[in-house]
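This structure is a prediction, so every number in the text was calculated from the model and none was measured. Each ligand, and each atom within it, is numbered from 1 in the order the structure gives.
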Amino acid sequence: MTYKDLEIWFVTGAQLLYGGDAVVAVDAHSTEMVKGLNDSGILPIKVVYKGTANSSKEISEIMRAANGDTKCAGMITWMHTFSPAKMWIHGLMDYKKPLLHLHTQFNKEIPWSEIDMDFMNLNQSAHGDREFGHITSRLRKPRKVVVGYWKDENTQNKIAAWMRVCAGWADSQDMLIIRFGDNMNNVAVTDGDKVEAEIRLGYHVDNAPIADLVPFVEAVTEAEIDAKIAKYEKVYEFADDCKKGAEKHQSVREAAAQEIGLRRFLEDKGAKAFTTSFNELEGMKQLMGFASQRLMAEGYGFGAEGDWKTAALVRTMWVMGQGLPGGQSFLEDYTLNFDGENSTILQSHMLEINPDITGNKPRIEVHFLGIGDAGVCARLVFQAHKGEGVAATIVDMGNRFRMIVNEVKVEETKALPKLPVACALWKPMPNLEIGAGAWILAGGTHHSSFSFSITTEMLEDYAEIADIEMLIIDKDTTIRQFRQDLRNNEVYYMLNKAFR
Ligand code: MN
């Protein structure tokens, strides 16, 4: 179990119509199922069986308890027998956490020669789950529906993906994002409605003057810096002019002080993510690029130039990907490489890419950065390894948040001897023409949150839980259909508000 402090509750719908024996059997079957799910080794969060719910009162009590329990990150419901769904109305209206409706059956196959009316009274999920599905639809309740036999890996994998999203969602409900400086002047796409973000997505965005951070960096001792440098020497390669005693080593020491000071500042505030700005560096010796790389690798969300939405999503991706190979990073569409069907986009930023996405040993280099007040900056230089991943963003469309996901294939990058930055080279699916075209039509950012670890399915689950718009660009995307989806969504979100 990866998320040790969390639980997913399992509630079985039933009723008392079929007598006490049926309820006892339902309870025994549910206990066995929950044990089987927990023992599968596939689910990253413990499932806790909360018993059968046989009346409106019982259902409301369970839902209220789930809302109030900080360990409970979500609920799985399953209707073993027929559970009349009016009983679920008040409870579901109260329920505020992620919901997964599991459409399964205790026995795998029909016992053809044995089946009788007692069996039918007990094993009614085929129609019981449809009754429950009706009321969740009628209430317009966001949820994931998983259909499949509970012992099948495919079924368990779908539950596992959703559980990871529940963990990410729980984490974002008290996420504090610290911003050093505002959004880069005049930039539209990285900005948005922070009040709506707190209502809809849970996180809180606070400004911090860089002057508040400066004393934290200045308080770092030489001994603390020495210890950090010793650590870096173990895991990174040093450019010759950055090694101890060489001319640029002092800049690496300053970057180490920034890392230590920034971490203390964020811990002090209880922040999970942060943004920086190259125009907000009064009292700093360099832009905190190296520190941002190091903190991203620890799980802090990061966005450059005040991009708080990307910072939050990078953090959420880190939580969702816990224990999975790969890693996630803040990235930016840097420059294009046209080559027919193999056209690619170089992904990078001035400094701030997470070293978790490389298979190589990152190299510490120090170079002048001629933008804003960045100065001479240390950075980790590397190239992302090859593989498949997802790039995602959330943009503010004025009346709603829109998540855009593009599946991408990361390829080998050629050497960039005169561009000393960390980078990735990817081909957006299905190709650059459609991938980038759809992203631009959707109004997607030039910044994105990228992950090798998490899947489109998880981001779909996230958008469902958050109840925000979702657009997916994958191998099946066509521009014609995508444009129609955009038009349809405009109408949907206009009417959707009126319904509620
Ligand atoms: Mn940028």
Side-chain angles (χ1 to χ4, degrees), residues 177-192 194 205 207 210 255 258 262 273-281 284 286-297 300-315 317 328-337 344-357 367-375 377-384 389-396 403-404 406 408 410 413 416 419-426 428 436 439-440 442-451:
I177 303 157
I178 290 289
R179 301 170 81 218
F180 300 106
D182 205 335
N183 284 73
M184 184 177 161
N185 285 347
N186 276 316
V187 176
V189 72
T190 57
D191 215 337
K194 297 196 281 291
V205 186
N207 170 58
I210 198 85
Q258 286 186 337
L262 181 54
F274 65 102
T275 71
T276 58
S277 165
F278 54 75
N279 278 325
E280 179 85 13
L281 291 168
M284 283 288 165
Q286 55 180 279
L287 176 60
M288 299 92 89
F290 177 84
S292 301
Q293 292 183 294
R294 294 268 308 161
L295 289 175
M296 232 187 304
Y300 283 96
F302 172 79
E305 294 107 26
D307 187 351
W308 51 275
K309 292 199 284 347
T310 302
L313 196 53
V314 168
R315 162 71 182 196
M317 282 186 166
Q328 77 299 323
S329 184
F330 167 82
L331 280 171
E332 178 175 85
D333 296 298
Y334 228 40
T335 195
L336 305 173
N337 188 52
T344 48
I345 313 173
L346 184 70
Q347 300 289 322
S348 187
H349 206 257
M350 294 179 286
L351 306 166
E352 309 92 343
I353 315 298
N354 185 351
D356 276 359
I357 63 171
H367 300 279
F368 177 71
L369 186 58
I371 189 165
D373 310 313
C377 301
R379 80 282 307 270
L380 290 167
V381 180
F382 56 85
Q383 294 180 353
V390 288
T393 187
I394 294 178
V395 293
D396 186 343
M403 176 177 263
I404 309 159
N406 193 183
V408 299
V410 180
T413 316
L416 296 159
L419 188 68
V421 290
C423 62
L425 183 76
W426 74 46
W439 186 278
I440 288 169
T445 33
H446 53 285
H447 289 165
S448 68
S449 310
F450 165 79
S451 173

Query raised in the report: Counting only N and O atoms by type, is there a donor-acceptor contact under 3.5 Å from the side chain of Lys309 to the main-chain atoms of Val189?
Result: yes
Requested in this report: List the atom of Val381, the atom of Val421, and the distance in Å for their closest heavy-atom pair.
Outcome: CG1-O, 3.6 Å
Query - Closer than 2.8 Å to the Mn ion (ligand 1) - protein N, O or S atoms, ordered by chain and residue number - result: Glu305 OE1, Glu332 OE2, His349 NE2, His447 NE2
Report summary line: salt bridge (charged side-chain N to carboxylate O under 4.0 Å, His left out) pairs touching residues 179-189, sequence neighbours excluded, are Arg179-Asp182
Requested in this report: Name the orientation class of the two ring planes belonging to His349 and Phe330 (parallel below 30°, tilted from 30 to 60°, perpendicular beyond 60°).
Outcome: perpendicular
**Report entry** Interatomic distance, Glu305 atom CD to Asn279 atom CG [nearest 0.5 angstrom]
**Finding:** 9.0 Å
Requested in this report: State the OG1-CG distance between Thr335 and Leu346, to the nearest 0.5 angstrom.
Outcome: 7.0 Å
